[in-house]
Engineer: 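Handing you a structure now.
What you see below is based on every heavy atom in this structure, not just the backbone, and it leaves out hydrogens, waters and symmetry mates. In what follows, chains are A, B, ... by sequence order, proteins preceding strands, each numbered from 1.
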2 protein chains.
Amino acid sequence: MKLHLQIKMNEALYLRNPESSDLGKNILKHSVQLIYKTGFESFTFKKLAEDIGTTEAGIYRYFENKHKLLVYLTAWYWSWLEFQIRFHTNNIKDPAVKLKRVIKLLAAAVEDDEQTSYINESLLHQIIIAEGSKAYLTKQVGEDNKQQFFKPYKDLCAVVGTIISECNPKYKYPKSLASTIIEMAHFQNFFMNNLPSLTDFGKNKEESEIIAFLNDLVFTSLKKV
Amino acid sequence: MKLHLQIKMNEALYLRNPESSDLGKNILKHSVQLIYKTGFESFTFKKLAEDIGTTEAGIYRYFENKHKLLVYLTAWYWSWLEFQIRFHTNNIKDPAVKLKRVIKLLAAAVEDDEQTSYINESLLHQIIIAEGSKAYLTKQVGEDNKQQFFKPYKDLCAVVGTIISECNPKYKYPKSLASTIIEMAHFQNFFMNNLPSLTDFGKNKEESEIIAFLNDLVFTSLKKV
DNA sequence: TTTAAAAGATAGTATTGCTATCACAAATAA
DNA sequence: TTATTTGTGATAGCAATACTATCTTTTAAA
């Protein structure tokens with residue numbers, strides 16, 4: 001049985017649904033590769049078109065601009081990650097065990113799940129680390145938020161926040177702690193690889209150490225006094 | 001007595017020292033205002049030149065491109081903040097009291113220190129919140145790091161990390177905790193104002209709550225068992 | 001089999017991100 | 001004092017980016 005996970009995306013993110021055609025799927029696939037390779041700043045629709053073997057105008061029929069495409073990719077990632085979390089924490093009763101699983105899923109490298117789709121999750125994970133926050137660190141964040149572009153991210157935070165509250169119902173900052181561990185799972189990874197003196201993991205560059213750090217951070221915070 | 005704080009900047013960040021002339025100082029002053037107003041993405045040297053009343057070519061004589069200017073401004077900010085921290089924690093013996101001061105300085109709105117310089121620290125603080133991470137979230141981060149562009153940021157993290165270690169010498173992640181609280185002081189502020197459901201401060205939007213959250217996070221982590 | 005939708009091909013335009021050149025004024029050195 | 005350097009202003013220009021428009025061909029649904 002070949003299971004195909006379909007993620008329902010916000011329609012305001014695209015002009016034509018990229019999942020509805022080969023060209024659209026190619027846009028997603030090659031944009032992940034190209035952004036990964038060149039970074040978001042020097043990524044252009046022209047280069048993407050050349051990569052795919054189509055024309056610039058062709059890309060513009062799917063996405064209004066590269067910012068929308070980045071928001072699409074990040075939204076897709078957060079939705080996918082929330083599914084992964086629900087799947088891998090299903091039937092776990094102990095919220096602390098659950099939370100540990102979540103932290104591992106957030107901070108561990110993603111193994112590419114080839115049959116899932118035309119999106120390489122492992123590359124996308126790297127994109128989220130380096131470019132993810134650019135999706136919301138803009139002047140249009142308010143507009144974009146009104147259009148619900150960040151719903152998948154907020155949903156994920158809410159899921160994590162709920163587990164935190166299950167661990168300790170008296171803890172006062174479940175949402176902020178949730179967004180902190182999500183952001184730090186990525187930032188500490190970026191720092192470890194690029195500005196290692198900002199972390200304690202510079203020697204080994206092992207993501208297991210990031211996981212240990214986050215576990216320590218979270219579980220001492222949630223310890224009932 | 002009018003004290004004038006001079007920050008020694010990395011010379012590779014500029015082509016001509018902006019602190020050495022009126023035009024240069026105007027570039028710094030107006031770039032802070034314009035980036036604050038329009039965001040870094042739509043900020044251009046053309047617009048900046050119009051704002052100042054000079055020409056685009058004039059700006060290019062000082063800075064190679066807008067990325068270098070952003071890195072300059074962030075480096076200036078971190079240097080300035082490190083000075084603030086050293087100044088305001090001077091003679092405090094208890095490292096825990098010191099750390100609390102630091103967290104407050106990181107997370108509290110900056111009151112503009114008019115006589116300090118032609119840079120509006122309060123606006124610059126807002127720029128760091130919204131644009132600061134774009135200084136290093138690029139493909140050139142390795143190159144930029146080699147040229148020591150992020151030294152002020154790393155120095156600040158080191159200072160905070162040292163205080164953390166003074167609080168609890170056995171704590172295993174002083175640097176990562178330092179970078180976490182610095183980043184979160186800014187991100188939680190951005191979230192509070194733009195994506196409030198990612199935080200627990202949405203109702204009141206008081207930065208004192210961010211400070212309380214960070215204090216809780218840090219001091220439970222550092223509690224000796 | 002017709003007809004509509006998607007894709008390809010090509011053109012064009014405004015803005016961005018620069019570089020180059022020349023003239024002029026002010027500061028500085030001889 | 002004159003000569004010379006240095007900074008600034010003004011203008012031009014060019015390649016790349018970020019789109020929009022139109023027309024034709026292919027594909028696929030009715």
Engineer: Taking heavy atoms of chain B and a 4.0 Å limit, find me the 5'-most and 3'-most nucleotide of DNA chain C within that range.
Structural biologist: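 Reading along DNA chain C, I get C:dT16 to C:dT21.
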
Engineer: Counting distance only, does the side-chain N/O of B:Ser176 pair as donor-acceptor with the main-chain N or O of B:Tyr173 below 3.5 Å?
Structural biologist: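 Checked: no pair found.
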
Engineer: Specify the residue among A:Ser42 and B:Leu23 whose closest nucleotide of DNA chain D lies further upstream toward the 5′ end.
Structural biologist: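 The residue mapped nearer the 5' terminus is B:Leu23.
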
Engineer: Would B:Lys139 count as a cation-pi partner of A:Tyr36, with NZ or CZ less than 6.0 Å from the six-membered ring centre and within 45° of the ring normal?
Structural biologist: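 B:Lys139 over A:Tyr36 ring: yes.
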
Engineer: Working to the nearest 0.5 Å, report the span between CD1 of A:Ile181 and CD1 of A:Ile211.
Structural biologist: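 It is 11.5 Å, given to the nearest 0.5 Å.
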
Engineer: Expressed as a whole number of angstroms, how long is the span from B:Glu41:CD to D:dC19:P?
Structural biologist: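 Going from CD in B:Glu41 over to P in D:dC19 covers 13 Å.
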
Engineer: I need the NZ-P distance between B:Lys46 and D:dC14, as an integer number of Å.
Structural biologist: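 Interatomic distance, NZ of B:Lys46 to P of D:dC14: 17 Å.
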
Engineer: Measure from NZ or CZ of A:Lys154 to the centre of the six-membered ring of A:Phe149 and say whether it is under 6.0 Å with the direction within 45° of the ring axis.
Structural biologist: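 Negative - A:Lys154 is either too far from the ring of A:Phe149 or too far off its axis.
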
Engineer: When the distance from NZ of B:Lys66 to P of D:dT17 is rounded to whole Å, what number comes out?
Structural biologist: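 Result: 14 Å.
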
Engineer: Could you check how far CZ of A:Phe43 sits from C1' of D:dA18, rounded to whole Å?
Structural biologist: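 These atoms are roughly 13 Å apart.
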
Engineer: Separation of B:Asn26 atom CG from D:dG7 atom P, in whole Å?
Structural biologist: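 Roughly 17 Å, once rounded to whole Å.
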
Engineer: What is the distance, rounded to the nearest whole Å, between atom CZ of A:Phe45 and atom C1' of D:dA16?
Structural biologist: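 For the pair A:Phe45 CZ and D:dA16 C1', the rounded distance is 16 Å.
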
Engineer: What integer distance in Å separates B:Tyr14:OH from D:dG7:P?
Structural biologist: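 Atom OH in B:Tyr14 sits about 13 Å away from atom P in D:dG7.
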
Engineer: Counting only non-hydrogen atoms, which of residues 50-65 of chain B are less than 4.0 Å from DNA chain C?
Structural biologist: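 Residues of residues 50-65 of chain B that come under 4.0 Å of DNA chain C are, in numerical order, B:Glu56, B:Ala57, B:Tyr60, B:Arg61, B:Glu64, B:Asn65.
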
Engineer: Can you give each donor-acceptor pair under 3.5 Å made by side-chain atoms of residues 54-64 of chain A, sequence neighbours left out, with the distance rounded to 0.1 Å?
Structural biologist:
residue: A:Thr55; atom: OG1; partner: A:Gly58; partner atom: N; Å: 3.4
residue: A:Tyr62; atom: OH; partner: A:Ser21; partner atom: OG; Å: 2.5
residue: A:Glu64; atom: OE1; partner: A:Lys68; partner atom: NZ; Å: 2.6

Engineer: Looking at every non-hydrogen atom in both residues, tell me the closest pair between A:Arg101 and A:His88 and how far apart they are.
Structural biologist: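 Shortest heavy-atom contact: NH1-O, 2.8 Å.
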
Engineer: Do any N or O atoms from the side chain of A:Glu207 and from the backbone of A:Ala109 form a donor-acceptor pair under 3.5 angstrom?
Structural biologist: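 Present.
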
Engineer: Quick one: does A:Thr74's side chain have a donor or acceptor within less than 3.5 Å of a partner on A:Gly132's backbone?
Structural biologist: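 Such a contact is absent between A:Thr74 side chain and A:Gly132 backbone.
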
Engineer: Give the intermediate values and the outcome of side-chain contact (heavy atoms from CB on, under 4.5 Å) for residues A:Glu209 and A:Phe213.
Structural biologist: CA-CA 6 Å; A:Glu209 299 193 66; A:Phe213 163 64; over 6 Å; no

